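Below is one structure, written out as structure tokens; the observations come after it.
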Amino acid sequence: MAPRTRIHASVLAVRTLLNPPDIPISALLRARSIPNQRLVKALGISSTFVSDDPGVHDNFTREAKVLITAVSAKDGWSRLVDVAETCVNRFLQAESLEYATFVRSVTLSVVLAGLLGTDIEDLDPVDVAFVTKAINDRWAQSKSSTALTTEVLDRINHHIIRWVPDRTNPLNLIIPAYETMWRVAAIAVAYSNRNCQLRDAFISYNENPTDVQFRAFANEGTGAQPSVEAIVSEVLRLHPPTRHITRAVVVPWWKRPFVPSVDVADVEEAQKSLLFGRDPESFNPMRFHESHSAPTRDQLYAFGHGRLKCVAASWAPPAAAIITAKIMAKLDGVAFTLQEGPHIGKREGWEGWSIERV
């Protein structure tokens with residue numbers, strides 16, 4: 001029998017579901033872990049996303065914070081910027097490249113080499129492309145009744161363990177960083193390729209990848225150029241990589257016939273509220289300019305909300321922006337161009353999109 005689902009689509013309802021008052025952390029973890037059990041079989045995940053153990057949660061959070069702190073410090077950030085440029089160049093070796101495969105490959109390589117210390121020379125483009133496609137396919141299949149064989153997961157792990165030999169189950173750290181970031185970068189590039197002001201914002205960030213530049217708006221009036229932060233925030237608002245956040249309703253057995261078994265925060269719908277300004281269905285990064293009395297990045301829910309909010313919520317947008325900026329620097333119409341497909345994709349739906357050598 002399919003679980004009975006209750007949808008929460010308003011901003012207030014989403015906030016309340018994701019950060020309920022007076023609930024112990026163990027109960028929050030249990031409500032999150034039950035719907036995520038599909039990821040255990042699909043990708044072999046054993047992290048806090050599939051566990052209700054507060055100890056597992058504390059260890060994961062601590063390990064993630066150590067990695068993020070290291071790449072946020074000045075030297076670490078400079079290295080991450082260099083890694084992103086090297087990865088973009090490494091995967092731009094063909095006359096024609098499938099766009100989604102390219103962005104996925106660059107992003108996974110940045111996560112591996114930038115966060116986890118993998119040697120970029122060990123990242124064979126064919127192997128990286130296989131792993132990214134396999135992760136994508138298994139994530140999608142886990143949401144359906146498709147039977148998942150262990151052979152593909154074994155092949156994924158064969159490569160991952162070779163690239164990150166010094167950690168237990170590296171996918172625990174790789175999946176949350178990679179899965180969100182590649183789609184944010186892909187969509188940000190798609191919009192920026194169409195709009196010279198967005199393009200200029202990323203070119204400026206490419207040349208000066210600082211926190212000040214990340215937040216800087218340029219010019220005023222009709223020629224106003226949004227900040228890179230505003231562009232990424234608008235991608236997260238209109239195209240949240242996590243469109244729905246699911247929580248199990250855990251009650252005594254005798255109550256189960258009378259209550260929903262699953263609560264769903266409809267992040268995608270909530271972020272189209274008029275609270276986010278006029279014409280919320282349109283892509284407009286300037287809604288994040290202070291003159292619009294607009295929301296801040298903290299009022300977006302793509303990274304969750306409350307005590308279980310993603311630990312990388314502050315780091316991921318600048319990191320996705322660096323990947324975007326390095327790609328935009330190459331899509332100059334002189335060396336490479338972006339060939340658009342019929343519509344902007346999500347995890348899937350990028351058919352017809354390609355990068356072409358001029």
Side-chain angles (χ1 to χ4, degrees), residues 3 5-40 42-69 72 111 115 139 142-143 169 171-181 183-184 232-233 236-237 240-251 259-271 295-317 319-320 347:
T5 301
R6 177 169 53 194
I7 306 292
H8 302 258
S10 73
V11 169
L12 180 59
V14 166
R15 290 176 66 89
T16 303
L17 173 63
L18 298 181
N19 194 29
D22 305 321
I23 301 292
I25 191 71
S26 57
L28 295 177
L29 292 170
R30 181 163 173 73
R32 178 173 71 176
S33 67
I34 291 171
N36 285 341
Q37 290 308 300
R38 61 190 177 81
L39 297 177
V40 176
L43 295 166
I45 300 298
S46 57
S47 71
T48 180
F49 296 101
V50 298
S51 172
D52 62 2
D53 184 340
V56 170
H57 176 68
D58 290 345
N59 288 337
F60 174 86
T61 302
R62 191 180 308 114
E63 190 174 9
K65 284 181 176 177
V66 167
L67 291 173
I68 291 165
T69 299
S72 299
V111 170
L115 267 181
W139 189 291
S142 75
K143 294 185 175 182
N169 200 357
L171 281 175
N172 283 341
L173 290 162
I174 292 167
I175 292 295
Y178 157 76
E179 249 291 311
T180 297
M181 198 146 49
R183 285 174 285 150
V184 173
V232 172
S233 294
L236 290 168
R237 185 193 70 82
T242 304
R243 293 183 294 147
H244 303 104
I245 301 175
T246 305
R247 296 287 186 259
V249 179
V250 182
V251 294
V259 298
S261 52
V262 174
D263 278 318
V264 176
D266 190 340
V267 172
E268 186 174 43
E269 188 62 29
Q271 293 186 166
T296 64
R297 204 168 74 205
D298 292 339
Q299 291 169 287
L300 298 173
Y301 305 101
F303 293 106
H305 176 65
R307 283 177 285 171
L308 296 187
K309 184 174 181 176
C310 174
V311 68
S314 295
W315 174 81
R347 183 178 287 110

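None of these values were measured; they are calculated from a predicted model. One is the number of the first residue; the rest follow in order along the sequence.
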Minimum-distance pair of heavy atoms, taken over all atoms of R183 and P241: NH1-O, 2.8 Å

I174 side, atom CD1; L43 side, atom CG - distance, nearest 0.5 Å: 11.0 Å

Residue pair V262 / V249, side-chain heavy-atom distance below 4.5 Å: no

Where L28 and P20 come nearest, the two heavy atoms and their spacing: CD2-CG, 3.5 Å

Test side-chain contact (heavy atoms from CB on, under 4.5 Å) applied to D266 and H244, step by step: CA-CA 5 Å; D266 190 340; H244 303 104; 3.6 Å; yes

Heavy-atom neighbours of R30 CZ exceed 12 at 6.0 Å: no

Q271 vs L236 side-chain heavy atoms within contact, under 4.5 Å: no

T242 and Y301, any side-chain heavy atoms less than 4.5 Å apart: no

Please report, to 0.1 Å, the donor-acceptor pairs under 3.5 Å made by any side chain of residues 49-58, with sequence neighbours excluded.
{"residue": "S51", "atom": "OG", "partner": "D53", "partner atom": "N", "Å": "3.1"}
{"residue": "D53", "atom": "OD1", "partner": "G55", "partner atom": "N", "Å": "2.7"}
{"residue": "H57", "atom": "ND1", "partner": "T48", "partner atom": "OG1", "Å": "2.9"}

Least distance between heavy atoms, L300 atom then S233 atom: CD1-O, 3.4 Å

Gap separating the OG atom of S72 from the NZ atom of K65, nearest 0.5 angstrom: 12.5 Å

Side-chain heavy-atom pair L173, L115 within 4.5 angstrom cut-off: no

Euclidean distance, D263 CG relative to T246 OG1, rounded to 0.5 Å: 9.5 Å

Separation between CH2 of W315 and CG of L67, rounded to the nearest 0.5 Å: 9.0 Å

Closest non-hydrogen atom pair, W139 against R38: O-NH1, 3.8 Å

Side-chain heavy-atom pair H305, V14 within 4.5 angstrom cut-off: no

Nearest-0.5 Å distance, CG of residue N59 to OG of residue S47: 11.5 Å

Heavy-atom closest pair, residues R307 and P24: NH1-C, 4.3 Å

L308: which of I245, L18, T61, L29 passes side chain to side chain contact (heavy atoms under 4.5 Å, CB included): L29

Heavy-atom pair with the smallest gap, counting every atom of A302 and P240: CB-CB, 4.1 Å

L17 side, atom CG; I7 side, atom CD1 - distance, nearest 0.5 Å: 10.0 Å

